[in-house]
Amino acid sequence: MYPFRYERPQDLAEAVRLLRAHAQARPLSGGMTLLPTLKHRLARPSHLVDLARLDGLHGIAYQGGVLSVGAATPHAQVAASPVVRQAIPALAELAGLIGDAQVRQRGTLGGSIANNDPAADYPSAVLGLGATVVTDRRRIAADDFFTGMFSTTLEAGEIVTAVEFPLPQRAVYCKHRHPASGYALVGLFLAETSAGVRVALTGAAPCVLRWTEAEARLSSRPADALLAIQQLRLAPEGLNDDLAGTPAYRAHLAGVLLDRALGQLSASPVAIKD
C-alpha cells in the first residue's frame, strides 16, 4: 500500500472541497473495493476522504411514494429497516443477500453504485426500479447513471448523497451467488410499475443492463406471464466469460432466474401505497 493522507471531513461541503482541492484524492465510504485495491497497489490516491460518518449521507425515509436511502447507509441497515421492508420488500431482500455479514455491516449503497462492479447487487435495484441518484450537484436517472464496467456518469469529485426509489406495484430480486464471494454470477431484479415491467440484470455482462425483450413481453400484460416468456432466450453475445461461467451459462441462468422471479411475483399481492 502506498502512503496517502487520511481526511475525515466534518460535513459534505468540506468533503467536496477536499476532493476538488486534490486531483488524486478518492472518496472512502465502506471501502469494500477501494481498500483491497490499495493493498494490491492498484491505485495510488494522494488523499482518502472518509464519507462514512457524515450525518447528511445516512438515513432511510419514505414520503410521497418515494423511498430515499442515504448513500452511506450500510447494507445491513437497509436489510433490517422496517421502512424498506414495508415499502419495497425486494430491496431489503437484496441488501440481505450482499456478500457476508461483515461486508453488509461496512458496505454502503452509495459506494456500491459509484463503484459499479459488474457483479454488484445494488445496481440492478437502482436500474430495475428506475431510481434517481442524487449527488452533491445534480440528480441522475438510473438509465443514464451506469455507463460501463466500473464506470458511471459521476464527474471528478462528485459525491452520491442518496438514492430515491419510486415504489413499484410489485418487485422481486433473484440471484445465483458465486460460492466464494457471494457476488451475483447473475442477478435479476424484476419490477412491475405503472409504466410497465422493468427487468435489470447484474453479473451477466460488463455492466448492469436492462433485458428489454423480457420487459416488452411482460409489459403487454399477458394473462400467463410464464407462457409469454417460454421461448425467450437472452443472447450470450457480449456476456461475461470467466472461470465462474461462460456467456452461454450466464444466458441460461438469466432465463432460470426470470422464471423464478415470475413465480415469486405471482404469489405476491399488488402493493397499494399512500
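Residue numbers start at 1 and run along the sequence shown.
- Here ring-ring contact (aromatic ring centres under 6.0 Å, His included) pairs that include residues 152-174, with residues two or more places apart or in two chains, number zero.
- Once rounded to the nearest 0.5 Å, the distance linking OG1 of Thr152 with CG of Asp144 reads 11.5 Å.
- The number of heavy-atom neighbours closer than 6.0 Å to CZ of Arg210, taken from other residues, nucleotides and ligands shown, is above 12.
- Between Arg85 and Glu93, no side-chain nitrogen of the basic residue sits less than 4.0 Å from a carboxylate oxygen of the acidic one, so the salt-bridge criterion is not met.
- At least one side-chain heavy atom of Ser194 sits under 4.5 Å from a side-chain heavy atom of Gln169.
- Pairs engaging residues 241-260 under the ring-ring contact (aromatic ring centres under 6.0 Å, His included) rule: none recorded [sequence neighbours left out].
- Note on Leu34 and Val103: separate hydrophobic clusters, where clusters join Ile, Leu, Val, Met, Phe, Trp and Tyr whose side-chain heavy atoms are under 4.5 Å apart, directly or indirectly.
- Contact of the Leu190 side chain with the Val172 side chain is registered, since non-hydrogen atoms from C-beta on lie closer than 4.5 Å.
- Using a 4.5 Å heavy-atom cutoff, the side chains of Cys174 and Phe189 are not in contact.
- Neither Tyr183 nor Val126 shares a network with the other; the hydrophobic side chains, linked directly or stepwise wherever heavy atoms of I, L, V, M, F, W or Y lie under 4.5 Å apart, form separate groups for each.
- The line from OG1 of Thr246 to CG of Asn240 is 11.0 Å long, rounded to the nearest 0.5 Å.
- In this structure, Pro236 and Pro247 approach most closely via the heavy-atom pair O-CB, 3.4 Å.
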Salt bridge (charged side-chain N to carboxylate O under 4.0 Å, His left out), that's the test. Do Arg198 and Glu192 meet it? Break it down for me. CA-CA 7 Å; Arg198 293 175 69 98; Glu192 279 187 354; over 6 Å; no
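- Grouping the Ile, Leu, Val, Met, Phe, Trp and Tyr side chains by contacts below 4.5 angstrom, directly or via other members, places Val208 with Leu97.
- Enclosure of atom CG in Asp241 by more than 12 non-hydrogen atoms of other residues, nucleotides or ligands within 6.0 angstrom is indicated.
- The structure places OG of Ser151 at 9.5 Å from CZ of Phe145, a figure rounded to the nearest 0.5 Å.
- Hydrophobic cluster of Leu18: the remaining members, joined at side-chain heavy-atom separations below 4.5 Å, are Leu12, Val16, Leu19, Val49, Leu51, Leu54, Leu57, Ile159, listed by chain and number.
- More than 12 non-hydrogen atoms from other residues, nucleotides or ligands lie less than 6.0 angstrom from CZ of Arg177.
- Across every non-hydrogen atom of Ala171 and Leu265, the tightest pair is N-CD1, 3.7 Å.
- To the nearest 0.5 Å, the span separating CG on Leu154 from CD1 on Ile140 amounts to 5.5 Å.
- The two residues Thr202 and Ala120 make their nearest non-hydrogen contact at OG1-O, 2.6 Å.
- Considering Asp50, Thr108, Asn115 in turn, Thr108 is the only one that fulfils the side chain to side chain donor-acceptor pair (under 3.5 Å) rule with Ser29.
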Decide side chain to side chain contact (heavy atoms under 4.5 Å, CB included) for Leu258 and Leu232; before the verdict, give the C-alpha distance in whole Å, the side-chain angles of both, and the deciding distance to 0.1 Å. CA-CA 10 Å; Leu258 181 59; Leu232 181 64; 4.0 Å; yes
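- For the pair Val83 and Leu67, the minimum side-chain heavy-atom distance is below 4.5 Å.
- Nearest heavy-atom pair, Met1 versus Arg41, reported as atom, atom and distance to 0.1 Å: N-NE, 3.3 Å.
- Here the CZ-OG1 distance, from Arg139 to Thr161, works out to 9.0 Å after rounding to the nearest 0.5 Å.
- With rounding to the nearest 0.5 Å, the separation of OG in Ser124 from CG in Leu129 is 8.5 Å.
- Within 6.0 Å of CZ in Arg137 there are more than 12 heavy atoms belonging to other residues, nucleotides or ligands.
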Begin with the C-alpha distance, continue with both residues' side-chain angles, and end with the deciding distance and a verdict on salt bridge (charged side-chain N to carboxylate O under 4.0 Å, His left out) for Arg217 and Glu215. CA-CA 6 Å; Arg217 293 199 188 186; Glu215 292 178 347; over 6 Å; no
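- Counting heavy atoms from C-beta on, the side chains of Ser68 and Glu164 come closer than 4.5 Å.
- Glu14 pairs by the salt bridge (Lys or Arg N to Asp or Glu O under 4.0 Å) definition with nothing, not counting sequence neighbours.
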Apply side chain to side chain contact (heavy atoms under 4.5 Å, CB included) to Leu127 and Leu201, showing your working. CA-CA 9 Å; Leu127 190 59; Leu201 291 169; over 6 Å; no
Check step by step if side chain to side chain contact (heavy atoms under 4.5 Å, CB included) holds for Val197 and Thr193. CA-CA 6 Å; Val197 176; Thr193 75; over 6 Å; no
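- A donor and an acceptor atom, one from each side chain of Glu158 and Thr135, are located under 3.5 Å apart.
- Residue pairs meeting the ring-ring contact (aromatic ring centres under 6.0 Å, His included) criterion with at least one member in residues 14-48, sequence neighbours excluded: His22-His47.
- Screening residues 80-131 for ring-ring contact (aromatic ring centres under 6.0 Å, His included) gives His75-Tyr122 as the qualifying pairs, with residues at least two apart or on separate chains.
- Of all heavy-atom pairs spanning Val163 and Ala131, the tightest one is CG1-CB, 3.8 Å.
- The environment of Glu155 atom CD is dense: over 12 non-hydrogen atoms of other residues, nucleotides or ligands sit within 6.0 angstrom.
- Between Pro45 and Gln24 there is no side-chain heavy-atom pair separated by less than 4.5 Å.
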What do the steps show when you test Ile60 against Val84 for side chain to side chain contact (heavy atoms under 4.5 Å, CB included), and what is the final call? CA-CA 8 Å; Ile60 298 169; Val84 179; 3.7 Å; yes
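- In the hydrophobic clustering of this structure, Leu94 groups with Leu167; members are Ile, Leu, Val, Met, Phe, Trp, Tyr whose side-chain heavy atoms approach within less than 4.5 Å, directly or through other members.
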